[in-house]
Amino acid sequence: MRKNSFFPLIILVLMFTLFTGSHIIQAQPSGELRVGLPTLYDQTLHPIWETVYRKQYLEPMYDHLIGVDRDGKFDPKLGIAYKWEMAPNFLSWTFYIRDGAKFHNGVPLTIEDVKYTIEQAGTKKNNSLAQSDFKANVDRVEAIPANKVVVHLKKPWPTTLYFLSTLSGNEGMIQPKKYIEEKGEKGFNANPIGSGPYKFFEWKEGVHIKLVAQDSHWRIGVPKYKYLTFKLMPEEGTREAALRSGEVDVIAVSLARTKGLKDAGFNIQQKKDGLHVGLMWIQDWRPEFPTNKAKVRQALIYAINKEEIVKQILLGQGTVVGNATSMFTWSIEYKPYPLTPYDPKMAKQLLAEAGYPQGFTMYLYSFVTHLPETKIINEAIAGYWEAIGVKVKILEMDYSGFKPVWTKHQDPPGPAAFVLAWPNRPTYSWRNMYHTTALYSHKKDPQIDRMIEEFEAQPTTEGYITGAQKIMDYVLANFYSTGICTTHELFASGKKVPLWEMGKGVGSFRWEYIGEK
């Protein structure tokens, strides 16, 4: 009898070990995912201090107010707001804040944290492109116990939800109000906390940023990896060698290297049409710059063989586009525009008509972006411009070196342009790119200012779409910017890394979702 009764006892012990109430005890995160990247950009850990492109190592640490699923659709189950409502007069949004979310120090996330986060987005503290959008649109934010946050607007803002989600910037990442006030902004940046599935672990500037997983998270469940490490590896050859040797598990990779890696048994992960490659001018409002003249801008655009760039540099993995920056192929207001012609003969004629038959000196800023081929694209553009008599000086630097020029804190040495592989997205800031008052805009055109202001007063999504298309018509007619192409963001990984859906968010790769069921 003793022998027979022993086995039921063992079974009971095992059941007690495996179950707590009705919940199976889940496996804990394990191992480390090491990601080799060409740039970590500004290497700051405060959500709104610098560029949105830091999102891939910030996003795992924070929850956004508005949740988004893998297909880029708003999902109340995945954000701090579990419900939201727009007022009948379009002048406020009410967000209902979920209970139970906690920051990494164990302090509950509250409506005051949400209020604080939205308020900070419109201050000078926010160095991202969206600062002027929040400043122009948000009047005040009200926290109403027990679970409501009301955003009162100065004027209708139909795309509010996009700006508070991962589809746009970092402004929707909920910041811990009391912790920041206690530690100070610099203290918070040195040791940040959020409410996301991963916590800050280690930051070695110029080397890596390392995160550690929580055992479980309300949104993700149990993360697959114990550690996420983002390593700075500017040289692609170094990244490839590190992947092949097992030093890293995932790398950003160029098209030219994908075949060799695929043949060697590595996975190629593709964020299809994830990038919009575009060209913009720096301070073309200055009358002493040749780029102040529309015919010069037109000539420089007509001189570029965009189809050849896609075919030769991107190995055919891209599509030439007619739309310029702010209207992306994923944008809600997108419509196809005619492609600009490649016509070097006409480009020379336009330069002569503008008063520059012998050309002039043009500066082209070249810096690392999400697209490894950007440097080669810049070299190709310089060659096209040289062919029509324009002398080109390429200024190579890291993004942090270019940013003071873009934000107008530093003047260019002369007429200048830059190419950037912008992450494709459903909505973007027209104000920031083209309005006179915006931090990143290099335009001083009263007509486009009025168009943007009229567009921003539209209360409905339909009005937003019509207004945006009107602005793009004007931008293209004046050659204020040009798109080159869309292309894919590529990563190579070892076999131990499962393929995952990277989603539609700007700068987002959903690393925390690797291994999700």
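When reading the values below, keep in mind they use all heavy atoms of this one structure, side chains included, and skip hydrogens, waters and symmetry mates.
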Is the distance between the ring centroids of [X] and [Y] less than 6.0 Å?
{"X": "Tyr440", "Y": "Trp406", "answer": "yes"}
{"X": "Phe74", "Y": "Tyr162", "answer": "yes"}
{"X": "Trp157", "Y": "Phe163", "answer": "yes"}

Salt-bridge contact [X]-[Y] (side-chain N to carboxylate O under 4.0 Å):
{"X": "Glu119", "Y": "Lys115", "result": "yes"}
{"X": "Lys77", "Y": "Asp75", "result": "yes"}
{"X": "Lys125", "Y": "Glu185", "result": "yes"}
{"X": "Glu456", "Y": "Arg431", "result": "yes"}
{"X": "Glu50", "Y": "Lys403", "result": "yes"}
{"X": "Asp249", "Y": "Lys496", "result": "yes"}
{"X": "Arg510", "Y": "Glu501", "result": "no"}
{"X": "Glu247", "Y": "Arg34", "result": "no"}
{"X": "Lys177", "Y": "Glu112", "result": "no"}

Would you call [X] and [Y] a side-chain contact if the rule is heavy atoms closer than 4.5 Å?
{"X": "Val212", "Y": "Tyr198", "answer": "no"}
{"X": "Val248", "Y": "Ile251", "answer": "yes"}
{"X": "Thr39", "Y": "Phe367", "answer": "no"}
{"X": "Met502", "Y": "Lys272", "answer": "no"}
{"X": "Trp511", "Y": "Val250", "answer": "yes"}
{"X": "Leu395", "Y": "Ser366", "answer": "no"}
{"X": "Pro29", "Y": "Pro223", "answer": "yes"}
{"X": "Phe266", "Y": "Lys262", "answer": "no"}

Within 45° of the axis and under 6.0 Å from the centre of the six-membered ring of [Y], does NZ or CZ of [X] qualify?
{"X": "Lys183", "Y": "Phe188", "result": "no"}
{"X": "Arg425", "Y": "Phe328", "result": "yes"}
{"X": "Lys210", "Y": "Tyr227", "result": "yes"}

Verify whether one side chain among [X] and [Y] offers a donor that lies under 3.5 Å from an acceptor in the other.
{"X": "Ser254", "Y": "Glu236", "answer": "yes"}
{"X": "Thr482", "Y": "Lys306", "answer": "yes"}
{"X": "Glu59", "Y": "Thr166", "answer": "yes"}
{"X": "Asp133", "Y": "Trp430", "answer": "no"}
{"X": "Asn126", "Y": "Glu171", "answer": "yes"}
{"X": "Asn189", "Y": "Thr44", "answer": "no"}
{"X": "Asn424", "Y": "Thr329", "answer": "yes"}
{"X": "Asp398", "Y": "Tyr41", "answer": "no"}
{"X": "Thr229", "Y": "Glu32", "answer": "yes"}
{"X": "Thr325", "Y": "Tyr428", "answer": "no"}
{"X": "Glu85", "Y": "Tyr96", "answer": "yes"}

Search all heavy atoms of [X] against all heavy atoms of [Y] and return the closest pair with its distance.
{"X": "Ile193", "Y": "Tyr62", "result": "O-CE2, 3.7 Å"}
{"X": "Glu512", "Y": "Pro60", "result": "OE1-CG, 3.9 Å"}
{"X": "Tyr57", "Y": "Met61", "result": "O-CE, 3.9 Å"}

Q) Given the rule in the salt bridge (charged side-chain N to carboxylate O under 4.0 Å, His left out) test, do Arg244 and Glu240 qualify, once you have shown the distances and angles that lead to the verdict? A) CA-CA 6 Å; Arg244 289 178 179 271; Glu240 181 178 351; 2.9 Å; yes
Q: Give the ring-plane orientation class for His46 versus Trp49, where under 30° counts as parallel, over 60° as perpendicular and anything between as tilted.
A: parallel
**Q.** Parallel, tilted or perpendicular: ring planes of Phe491 versus Phe509, cut at 30 and 60 degrees
**A.** perpendicular
**Q.** Neighbour count >12 (heavy atoms, 6.0 Å) for atom NZ, Lys226
**A.** yes
